[in-house]
There are 2 protein chains.
Amino acid sequence: MATQHTPQDQEPAGRQRTRRSPAPHERQRDAERTKARILDAAVEVFSAKGFDRARVTDIAERAGVNQQLISYYFNSKQGLYREIGRRWRAYEAETISDDLDFAEQIKRGVRASVDPRLGGRLLAWDGLYDTGEDDTGEDDTGEDDVEARERNAQLQHEVQVLRERQRAGEIDDRFDPAALILIGLSAGNALAVYPHLARGLFGTDTVSPELVEHYAEQLAQVIRSLPAAAPPSVPDSHT
Amino acid sequence: MATQHTPQDQEPAGRQRTRRSPAPHERQRDAERTKARILDAAVEVFSAKGFDRARVTDIAERAGVNQQLISYYFNSKQGLYREIGRRWRAYEAETISDDLDFAEQIKRGVRASVDPRLGGRLLAWDGLYDTGEDDTGEDDTGEDDVEARERNAQLQHEVQVLRERQRAGEIDDRFDPAALILIGLSAGNALAVYPHLARGLFGTDTVSPELVEHYAEQLAQVIRSLPAAAPPSVPDSHT
DNA sequence: AGAATAGTCAACTCGCGGTTTGATTAACTA
DNA sequence: TAGTTAATCAAACCGCGAGTTGACTATTCT
């Protein structure tokens with residue numbers, strides 16, 4: 001009873017479908033276009049307000065389509081949210097362009113995190129909504145599990161990459177790469193996640209692009225100044 | 001029509017009221033006790049699930065009181081949330097015990113952030129809900145503004161303190177104290193805000209106390225390794 | 001003790017917002 | 001060009017959950 005209609009859902013992979021319509025742009029009824037519009041709008045709204053506060057009506061409005069189309073293409077608000085998650089993971093998996101100075105990578109992260117269209121806050125929303133997980137009442141394909149696994153793989157990869165560099169002497173090996181990544185990520189998202197603190201701390205009443213740049217640079221600075229080999233002092237002290 | 005009853009609301013300041021009831025504990029009807037219970041429960045629930053997902057029923061249940069008492073004492077779910085905010089600010093204002101090694105302070109932050117009873121995630125929720133602010137439809141005393149001002153003052157104080165130390169040569173003065181604080185705070189909350197990432201990164205399926213300690217130590221380590229005076233390299237580069 | 005008030009409760013209301021239903025029209029096929 | 005399917009839409013539905021109502025009881029005051 002869950003899945004009732006739902007059109008062609010996912011095309012195999014090859015983009016162009018059998019029918020090569022003459023005017024792919026002027027078309028007034030174009031599923032692909034509509035879906036894309038909805039997704040774009042959804043990313044913005046979900047990222048800005050979070051799942052609960054996001055209004056399906058709002059998303060539809062921004063996308064310039066009828067509200068019902070959301071259920072039509074994605075079955076439900078949830079479904080839409082899931083789809084976004086998928087896309088996002090795919091997207092960043094390919095644009096992660098590792099083998100790029102850690103600090104620099106973080107810097108990008110900062111910039112990306114405040115771009116409304118990229119939905120950097122989604123990560124934080126997901127984390128906060130993540131209360132212990134597994135509130136599976138009954139049905140529901142273990143959809144979430146799959147997503148989690150996918151994400152974990154990606155994270156582990158990151159850890160691996162960083163560990164390499166560490167081994168290459170770029171960073172003191174007293175640091176746990178996993179911890180470093182978590183620190184970098186969370187700090188990188190700070191402007192997006194704690195805009196109120198940012199305003200208060202920097203004494204501005206908006207998170208301006210300049211501020212973003214400034215913060216990014218500062219954070220990068222911090223990361224760059226991590227010791228590279230055996231540290232000069234800090235002999236472990238207490239405990 | 002908003003405020004109809006509401007009891008004595010806030011007692012001036014002096015705790016003991018005129019009537020010194022003989023058995024303050026055994027009492028079966030005790031407003032103060034009930035209020036406290038509600039507040040405690042509320043912190044947990046709000047912190048865990050966020051405002052929207054928090055169910056008034058749930059809070060009441062945990063507090064072991066009737067649901068209606070929430071409206072009775074705090075007028076509304078919102079009111080309860082506000083009150084929590086106030087208390088929290090007050091609380092941390094007094095327990096901030098500054099003039100304590102920055103790294104150490106952050107370390108405490110990490111531990112606090114994962115304690116469900118302390119509601120460390122509230123900060124993140126607030127930040128995420130903070131979409132540009134000022135969605136004031138109409139009424140509503142500029143309550144929020146006051147809170148914001150209060151918070152800002154506190155933040156500025158922190159900045160000031162850190163600036164002192166910086167001037168005292170404890171930290172390289174190329175760093176912006178505001179940025180450092182934001183970094184520290186966000187990274188300090190990371191385990192609480194991104195539990196899913198934490199699990200993925202560290203390969204555990206729970207955020208155990210040991211993990212908390214480990215992460216706290218790592219973060220502290222990072223902070224301690226910040227250069228103290230003129231840095232050896234990094235000649236400023238671009239811009 | 002008796003009145004007044006503060007604390008507590010169960011049950012009802014009522015709007016908001018996601019989903020369903022059923023019709024309507026564009027696009028494609030035979 | 002008729003028939004079929006995909007895309008779109010407006011309106012009705014319906015459950016959830018916060019807030020309200022009005023009664024009932026413990027406490028305190030006189």
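Lettering of chains follows the sequences in order, A, B, ..., and the numbering in each one begins at 1.
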Provide, to the nearest angstrom, the distance between the [atom1] atom belonging to [X] and the [atom2] atom belonging to [N].
| X | N | atom1 | atom2 | answer |
| --- | --- | --- | --- | --- |
| A:Arg37 | D:dC9 | CZ | P | 10 Å |
| B:Asn66 | D:dG17 | CG | P | 17 Å |
| B:Phe74 | D:dA18 | CZ | C1' | 16 Å |
| A:Lys77 | C:dC16 | NZ | P | 15 Å |
| A:Leu80 | C:dG17 | CG | C1' | 15 Å |
| B:Arg33 | C:dT8 | CZ | C1' | 12 Å |
| B:Arg53 | D:dA18 | CZ | P | 13 Å |
| B:Asp58 | D:dA18 | CG | C1' | 14 Å |

Query raised in the report: Hey, does the side chain of B:Thr34 come within less than 4.0 Å of C:dG7's phosphate (OP1/OP2), counting only N and O?
Result: no
Query raised in the report: Under 4.0 Å: is that the gap between some side-chain N or O of B:Asn75 and OP1 or OP2 of D:dG19?
Result: no
Side chain of [X] - closest among [options]:
| X | options | answer |
| --- | --- | --- |
| B:Gln68 | C:dT19, D:dA18, C:dC9 | C:dC9 |
| B:Ser76 | D:dG19, D:dA6, C:dT19 | D:dG19 |
| B:Gln67 | D:dA18, C:dA10, C:dG18 | D:dA18 |
| A:Tyr72 | C:dC9, D:dA6, C:dG18 | D:dA6 |
| B:Tyr73 | C:dT8, D:dC9, D:dG19 | C:dT8 |
| B:Leu69 | C:dT8, C:dG18, D:dC9 | C:dT8 |

Query raised in the report: Does CZ in A:Arg108 sit with more than 12 non-hydrogen atoms of other residues, nucleotides or ligands closer than 6.0 Å?
Result: no
Query raised in the report: Under the salt bridge (charged side-chain N to carboxylate O under 4.0 Å, His left out) criterion, do A:Arg111 and A:Glu213 qualify, and how do the steps go?
Result: CA-CA 7 Å; A:Arg111 296 201 195 94; A:Glu213 215 42 49; 2.9 Å; yes
Query raised in the report: Under the 6.0 Å and 45° cation-pi test, does B:Lys49 pair with A:Tyr129?
Result: no
Query raised in the report: Would you call the rings of A:Phe51 and A:Phe46 parallel, tilted or perpendicular if under 30° counts as parallel and over 60° as perpendicular?
Result: parallel
Requested in this report: Answer yes or no: is there an ion pair linking B:Glu83 with B:Lys35, defined by an N-O contact shorter than 4.0 Å?
Outcome: no
Query raised in the report: Reckon B:Ala60 touches a base, only the sugar-phosphate, or nothing at all at heavy-atom distances under 4.0 Å?
Result: nothing
